[in-house]
Amino acid sequence: SHTTGKLVFAISVDASGEITSIKSIDKEGTIKSTPAKIKARNYISENFKFEPGTWFPKYHQGKITITLVEPK
């Protein structure tokens, strides 16, 4: 990353394990850079998938924390 810090996202996941909503929680993160938030959000939507289950609620929520480290 081009910056160091933490980003926190609220997610909603459906019963099939797909992320249906991702929202940045700015007050819990330390990075204000919009490009960094967009890259992290895209990373989550492209790479995270959860286990499907018939016993899960139709939608459930959680938080994902991404820690970015600027290379030396």
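Note that the structure is predicted; figures quoted are calculated from it, not measured. Count residues from 1 along the sequence.
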Please name the pair of heavy atoms, one in [X] and one in [Y], separated by the smallest distance, quoted to 0.1 Å.
X   : Y   : answer
A15 : P57 : CB-O, 3.9 Å
D26 : K37 : OD1-NZ, 2.8 Å
S16 : P52 : O-CB, 3.4 Å
A36 : T3  : CB-CG2, 4.4 Å

field: Whether S12 side chain and T20 backbone form a donor-acceptor pair below 3.5 Å
entry: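 No, because the side chain of S12 does not come within donor-acceptor range (under 3.5 Å) of the backbone of T20.
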
Nearest 0.5 Å, what's the [atom1]-[atom2] distance between [X] and [Y]?
X   : Y   : atom1 : atom2 : value
I31 : K6  : CD1   : NZ    : 10.5 Å
K58 : D14 : NZ    : CG    : 9.5 Å
I66 : S24 : CD1   : OG    : 11.0 Å
I44 : I19 : CD1   : CD1   : 6.5 Å

Could you check if a side-chain atom of [X] sits within less than 4.5 angstrom of a side-chain atom of [Y], using non-hydrogen atoms only?
X   : Y   : result
Y43 : I64 : no
E18 : K49 : yes
L7  : R41 : no

For [X], look at atom [atom1] and say whether over 12 heavy atoms of other residues, nucleotides or ligands are found less than 6.0 Å away.
X   : atom1 : answer
K39 : NZ    : no
K32 : NZ    : yes
E51 : CD    : no

message: Are V13 and V8 linked, directly or through intermediate hydrophobic residues, by side-chain heavy-atom contacts shorter than 4.5 Å (ILVMFWY only)?
response: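 The answer is no; the residues belong to distinct hydrophobic clusters.
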
